[in-house]
Amino acid sequence: MHDSADQGAPVPPTDRSAGAGVFPGERSTTAHAFATRLADLAPELPEPVWKSLFLQTSGHILAGQAVLQGADSMGHDLSTVDADHYSDLPSAEVLTQIRSQAPDSPELRFAHLLSFVRDINADTLAIAAGAMRYLGSFAVPIDPEGGDTFDIADLSAHLLEDGLLFPSLEDTGQYTIPPVMRAILRRLYDDRDRHSESRSRRALGGSAAEWLKAPASYHSEGFDEALLQVAEAGEWSALTDLWANRGHALMVDHFDATLEAFSKVPEAQTQNSAVLAEAKGDCLQAGEARRRLRVSDALTVLGQVDFEHSAVPTLDSQLERIKDGDFTVDDILIMAIASMRRQKVLGQSDQGLQVARTAQELINDSRHFQSESSRLCEARFHLEYGITTMFVGDLTGSVQLLRRSIIITELASASSPYLLLPAHAYSALAYAMLGNGPSSDAHLRHFDELREQTRFNNPHTLTAYSLARMIRAMDGLDLDAASRYSARLTDPSLGHHSWLGVVQYRSLLGILRSDVGIEGKRLEQIIDTNRSSLPADGLLLHSLQLMLVSLHLAQGQTHLAQNVLLDAETESPYIILARAQLHLTIGEHGTAAHLANRVLSQKSLDLHARASARAIQAASLLGKGELAESDSAFVDALEYCRIAASLIPVALVPKSLRDQLIARSSSAAEWDLIAPVFASESNATDGAIGGPGDRGAGERLRQRLLDLGETLRIRAGHTLLSPSQRQLLALLDTQSSVSAIAAELSLVEGTVKNKLSNLYARLGVRNRRDALARGYEYGYLPTER
């Protein structure tokens, strides 16, 4: 990170000729050099105060000296004085000293004084009047050597007319000299422009635009007034650069001025710049929210605005103009961001991905562009790209894109916490969904720190954060904390899969609490509604199907779980894992162990899924009576749980088998190793197990699992039927004879009889009546018609 205190405006030439004294042109370029030069006046001043003084005085040595001596003469410790009141400190003796020094450089005296003195008073005017004769373009209403009393109102009027004073925003009838003066007065150091007569509004706006480019100006007192001057002068390129490099952080740091300045952008300018189109549209939205809420606090207003970027054209609608060179790289990135958001709202994030790829192809074709993108626009693009990638289920790709956004933002000189907050929130969510608990926790900690600093609230960002917290609480089986975070989440629209994770993990919470309720039906509806927009081979669809199978098995609805898997013909490890769960619950331990081995044999497998497969393998081996192998597999499962920082893989094992595994592992050292993992969450939940050195933590962790209710119900003896056998059973229930069934299936009666014999054998019955009874018992036949 760069130190903004060392990024001042361009340094004027320094006159170091003999006899020049300490005043003319003396200026330090860094806060450290500034403090060194003045250390004899305040040897023990804290570094933050030195940096503040450096910024307030623009590095001018005499200005700093005046403030320090004034504070000393008044008996003030500068550490206790607000920076806005530094200009009140210079004493009369210091001002007299300023008047007497450097008689051959009145313009420097004038420039230096105005660079740090805010309030207009008699002393300020005396120096200004004495300097005006040397500035050429300024009127001198009274001869300073005549001895008459200065007419403050008259002189103020002249300064105001020349564009050097602005009305004070706090006190009507008062005037202030904002730091924008520093940019104007820098021209006094340039002989080529010293006597320029150009004092028009546009010239003033151009000078203000130049000053706004200095990083140190952003937090200076005169930034708001300079921003308004730039907008008033129509310096649209300066506003474009400012938004491209600062973005929505401008609204937080300079709320009123930003809304007023960008609202003045003409429509013609927004048609030629997507950056300005976004800025104006978003500022108008924020302004409308401010009027509706009747509050002026930026964070309160912005927390209620869902920026739609409706004024920004879609990327595909501007392809020809882009190829003709009508837009910049930043424009393309802004259009891509807006397009991705629109596709996300429509539930078409896969098309949003295509927009992002198109934008990258255009940017990589350097023939159309003469400049690179701003760091902020690039970081924002990767943030939106990462979120869109998450919504289509590519969590690994999402993590990589979000990480790139964070790196770019942190390397930028104007690092924005308002960009880092969503990046950390979504990264935490992606890692939590991937089963990488430690990485998720790291991003959650960063988010908490930034949020405490900024008080920033955004609905979508807080949803991602709350969902990540909910998942991490469930990982530690802290179900009360998980319920609290769940209550903060709003239900997503049935036709919008942006927050399918909300329903998915609420379903998991219902399983762990043995209170599934209507979650199964809701999840099934959402999968069916969004199936067309979910990639068939995507992680999101498969993880949703795995959760739906678990929901059905938690309710003992084995046939419904099988229905889900019949529609999922894939070798995805999550679907194979779901099949292993199904066979484990019906007592087919050999098949369950085989399926778990298939999952474990896959190389690209996240730790959470690997831990789940190992836990199912251990339970299956226990069911087969292979105790030594089962114990070994369970110890491995606990190790994977420790690395993933999640107990869910063990929790999603039928309770009878789970309790036996836990009891047989009572002496395993893994319990004491895994317990400290969940102690790190004590700052976020009330369910921490204990810290390092807590010898009872492992036992309490075991007890937490033993106290957990049933998650997957065992239906021993349940027989799984193939699709053709289920069809035959349904016909057996509705048709009166073998001949009718044969006609329905277009088969000869002999073949149908053979198939019925195989069906009876599969169900363990001997006749039609018992087959139908078993079909109703297993749920293959409807209980109501």
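Looking at heavy atoms from C-beta onward, Leu462 lies in side-chain contact with Phe447 at the 4.5 angstrom threshold. Contact of the Leu747 side chain with the Ile741 side chain is not registered, since no non-hydrogen atoms from C-beta on lie closer than 4.5 Å. Residues Arg726 and Leu566 form a side-chain contact, since some pair of their non-hydrogen atoms from C-beta on lies under 4.5 Å apart. The side-chain heavy atoms of Arg472 and Tyr485, taken from C-beta on, include no pair separated by under 4.5 Å. Leu745 is listed as a side-chain neighbour of Leu728, based on a closest heavy-atom distance under 4.5 Å. Contact annotation: the side chain of Leu383 approaches that of Ile387 to within less than 4.5 Å [non-hydrogen atoms, C-beta and beyond]. The shortest side-chain heavy-atom distance between Ile616 and Ser620 falls under the 4.5 Å cut-off. Inter-residue side-chain proximity for Leu721 and Leu763 is flagged as met; some heavy-atom pair is nearer than 4.5 Å.
Looking only at distances, a side-chain donor or acceptor of Arg768 sits under 3.5 Å from a matching main-chain atom of Leu732. Checked by atom type and distance alone, the side chain of Arg702 pairs as donor or acceptor with a backbone atom of Ile662 at under 3.5 Å. For Arg774 (side chain) and Thr719 (main-chain N/O), no donor-acceptor pair under 3.5 Å exists by modelled atom type. Formation of a donor-acceptor pair under 3.5 Å by the Arg762 side chain with backbone atoms of Leu720 is found in this model. Side-chain atoms of Gln660 come within 3.5 Å of backbone atoms of Ser656 as a donor-acceptor pair (strictly under, hydrogens ignored). Ser398 places a side-chain N or O within donor-acceptor distance of the main-chain N or O of Gly386, the cut-off being under 3.5 Å. Proximity of a side-chain donor or acceptor of Arg642 to a complementary backbone N or O of Val677 within less than 3.5 Å is not detected. Using a distance-only test at 3.5 Å, with no hydrogens or angles considered, no donor-acceptor pair links the side chain of Ser466 to the main chain of Thr463. Panel note: side chain Lys655, backbone Leu708; a donor-acceptor pair is recorded below 3.5 Å. In this structure, the side chain of Ser440 engages the main chain of Ala428 through a donor-acceptor pair within 3.5 Å.
The heavy-atom pair separating Ala554 from Arg713 by the smallest distance is O-NE, 3.2 Å. Leu729 and Ala771 get closest at one heavy-atom pair: CD1-O, 3.8 Å. Ala468 approaches Leu444 most closely through the heavy-atom pair CB-CD2, 4.1 Å. Closest approach of Leu712 to Leu652, counting heavy atoms only: CD1-O, 3.4 Å. Summarising the geometry of Leu577 relative to Ser612, their closest heavy-atom pair is CD2-CB, 3.8 Å, with the distance given to 0.1 Å. Nearest heavy-atom pair, Ala430 versus Val399, reported as atom, atom and distance to 0.1 Å: CB-CG2, 3.6 Å.
Residues passing the side chain to side chain donor-acceptor pair (under 3.5 Å) test with Ser572, sequence neighbours excluded: His542. With sequence neighbours excluded, the residues satisfying ring-ring contact (aromatic ring centres under 6.0 Å, His included) with His446 are His424. The salt bridge (Lys or Arg N to Asp or Glu O under 4.0 Å) check on Asp636 picks up Arg614, with sequence neighbours excluded. By the salt bridge (Lys or Arg N to Asp or Glu O under 4.0 Å) test, Arg404 pairs with Glu378, sequence neighbours left out. Residues passing the side chain to side chain donor-acceptor pair (under 3.5 Å) test with Thr591, sequence neighbours excluded: none. Applying the side chain to side chain donor-acceptor pair (under 3.5 Å) rule to Gln581 yields the partners Ser550; only residues at least two apart in sequence or on another chain are considered. Taking the salt bridge (Lys or Arg N to Asp or Glu O under 4.0 Å) definition, one finds that Arg488 meets it with nothing, sequence neighbours left out. With sequence neighbours excluded, no residue forms a ring-ring contact (aromatic ring centres under 6.0 Å, His included) with His608. Under the side chain to side chain donor-acceptor pair (under 3.5 Å) criterion, Gln360 pairs with no residue at all, not counting sequence neighbours. For Tyr431, the ring-ring contact (aromatic ring centres under 6.0 Å, His included) partners two or more places apart in sequence, or in a different chain, are His443.
Using a 4.0 Å cut-off between charged nitrogen and carboxylate oxygen, Asp707 and Arg704 do not count as a salt-bridge pair. A salt bridge does not link Asp478 with Arg484: every distance from a Lys NZ or Arg NE/NH1/NH2 to an Asp or Glu carboxylate oxygen is 4.0 Å or more.
Separating the OH atom in Tyr426 from the OG1 atom in Thr388 is a distance of 9.5 Å, to the nearest 0.5 Å. In this structure, CG in Leu621 is found 5.5 Å from OG in Ser630, a value given to the nearest 0.5 Å. Expressed to the nearest 0.5 Å, how far CD of Gln562 lies from NE2 of His552 amounts to 12.0 Å. Taken to the nearest 0.5 Å, the CG atom of Leu402 stands 10.0 Å off from the CD atom of Glu384. Expressed to the nearest 0.5 Å, how far OG of Ser632 lies from CD of Glu626 amounts to 12.0 Å. Residue His589 holds its NE2 atom at 10.0 Å from NZ of Lys624, rounded to the nearest 0.5 Å.
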Could you check Leu429 against Ile471 for side-chain contact (heavy atoms from CB on, under 4.5 Å), going step by step and ending with a plain yes or no?
-> CA-CA 8 Å; Leu429 177 57; Ile471 296 171; 3.9 Å; yes
I would like to know whether Leu627 and Leu622 meet side-chain contact (heavy atoms from CB on, under 4.5 Å); could you show each step before the answer?
-> CA-CA 6 Å; Leu627 304 184; Leu622 179 64; 3.6 Å; yes
Working for salt bridge (Lys or Arg N to Asp or Glu O under 4.0 Å), residues Asp448 and Arg445 | CA-CA 5 Å; Asp448 289 337; Arg445 285 193 295 272; over 6 Å; no
Give the C-alpha distance, both sets of side-chain angles, the deciding distance and a yes or no for side-chain contact (heavy atoms from CB on, under 4.5 Å) between Val653 and Thr711.
-> CA-CA 7 Å; Val653 168; Thr711 53; 5.9 Å; no
Start with the C-alpha distance between Leu353 and Tyr385, add both sets of side-chain angles, then the distance that settles side-chain contact (heavy atoms from CB on, under 4.5 Å), and finish with yes or no.
-> CA-CA 7 Å; Leu353 286 184; Tyr385 195 178; 3.7 Å; yes
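The aromatic rings of Phe634 and Trp671 sit tilted relative to each other, their planes meeting at an angle between 30° and 60°.
Other residues, nucleotides and ligands contribute at most 12 non-hydrogen atoms within 6.0 Å of the OH atom of Tyr640.
Within the structure, the side chain to side chain donor-acceptor pair (under 3.5 Å) test picks out no pair touching residues 748-758 (sequence neighbours left out).
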Show me the donor-acceptor pairs, under 3.5 Å and distance only, between side chains in residues 508-515 and residues at least two apart or in other chains.
{"from": "Arg513", "atom 1": "NH1", "to": "Leu479", "atom 2": "O", "distance (Å)": "3.1"}
{"from": "Arg513", "atom 1": "NH1", "to": "Ser483", "atom 2": "OG", "distance (Å)": "3.0"}
{"from": "Ser514", "atom 1": "OG", "to": "Glu710", "atom 2": "O", "distance (Å)": "3.1"}

